[in-house]
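Down below is the structure, laid out as structure tokens.
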Amino acid sequence: MYIILWEYHVKAEKQAEFEQIYSPSGAWVALFQKGAGYLGTELLRDETNSLLYITIDRWESKSAYKVFLSMWEQAYGELDAQGAGLTERESLLASG
């Protein structure tokens, strides 16, 4: 299994929109589901800082994720740009 962890510091006024896009029923999951080998996404919110989130994306393998990226690069970039306006910052925490 290949797992990707992202941390997001969300703008307070954009929190609801962020949750819609990044939730397990949101736009990212809808895009990821187009890729073979996608296993699921979790959205976690920090209990002490409600503007801090972590996503956990699961893929069967790193190669499945890379194939997805090559096939859906444009759509991924467009959705990533949309999400950038919702956060103060985002960081890749780990992948592997």
Side-chain angles (χ1 to χ4, degrees):
M1 183 182 312
Y2 184 67
I3 296 174
I4 306 165
L5 300 174
W6 286 94
E7 177 182 82
Y8 300 91
H9 295 263
V10 178
K11 295 176 181 176
E13 68 278 9
K14 300 291 186 175
Q15 192 170 13
E17 188 177 350
F18 175 88
E19 288 183 4
Q20 288 176 345
I21 293 173
Y22 288 82
S23 76
S25 61
W28 275 111
V29 169
L31 178 59
F32 289 159
Q33 288 174 334
K34 296 177 180 183
Y38 173 68
L39 300 175
T41 294
E42 289 181 64
L43 177 63
L44 308 173
R45 186 173 67 189
D46 189 290
E47 288 184 1
T48 59
N49 177 356
S50 65
L51 299 177
L52 176 62
Y53 291 81
I54 292 177
T55 57
I56 305 169
D57 300 320
R58 291 182 177 82
W59 293 81
E60 286 180 1
S61 65
K62 184 176 184 177
S63 62
Y65 178 67
K66 296 263 184 200
V67 168
F68 162 79
L69 286 178
S70 69
M71 292 180 66
W72 296 98
E73 181 178 4
Q74 182 176 348
Y76 186 101
E78 291 169 359
L79 192 52
D80 191 46
Q82 181 183 354
L86 307 176
T87 63
E88 297 291 340
R89 69 178 188 270
E90 65 180 71
S91 304
L92 176 62
L93 296 178
S95 61

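Please read these numbers as outputs of a predicted model, since none were measured by experiment. FYI, the numbering just counts along the sequence from 1.
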Ring centres under 6.0 angstrom apart (W59, F68):
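For W59 and F68, the ring centres are under 6.0 Å apart.
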Ring center gap for Y53 and F18 short of 6.0 angstrom
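Yes, close enough.
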Do you reckon [X] sits in the same ILVMFWY cluster as [Y], going by side-chain contacts under 4.5 Å, direct or chained?
X	Y	value
L69	Y2	yes
Y22	I4	yes
L5	L39	yes

If you take all heavy atoms of [X] and [Y], which pair is closest and at what distance?
X	Y	answer
L43	P24	CB-CD, 4.4 Å
N49	D46	N-OD1, 2.9 Å
A36	A64	O-CB, 3.6 Å

Rounded to the nearest 0.5 Å, how far does [atom2] of [Y] lie from [atom1] of [X]?
X	Y	atom1	atom2	result
W6	I54	CH2	CD1	13.0 Å
Q20	S25	CD	OG	9.0 Å
T55	L93	OG1	CG	8.5 Å
I21	L31	CD1	CG	12.0 Å
E13	L51	CD	CG	9.5 Å

Do Y38 and V29 have side-chain heavy atoms sitting under 4.5 Å apart?
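Yes, at least one pair of side-chain atoms sits under 4.5 Å.
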Side-chain touch W28/T41, heavy atoms, less than 4.5 angstrom:
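Of all side-chain heavy-atom pairs linking T41 with W28, none is under 4.5 Å.
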Contacts table for residues 71-92: side-chain donor-acceptor under 3.5 angstrom, sequence neighbours left out:
from, atom 1, to, atom 2, distance (Å)
Q74, NE2, E78, OE2, 3.0
R89, NH2, H9, NE2, 3.3

Has K11 got more than 12 heavy atoms of other residues, nucleotides or ligands less than 6.0 Å from its NZ?
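Enclosed: over 12 neighbouring heavy atoms sit under 6.0 Å from NZ of K11.
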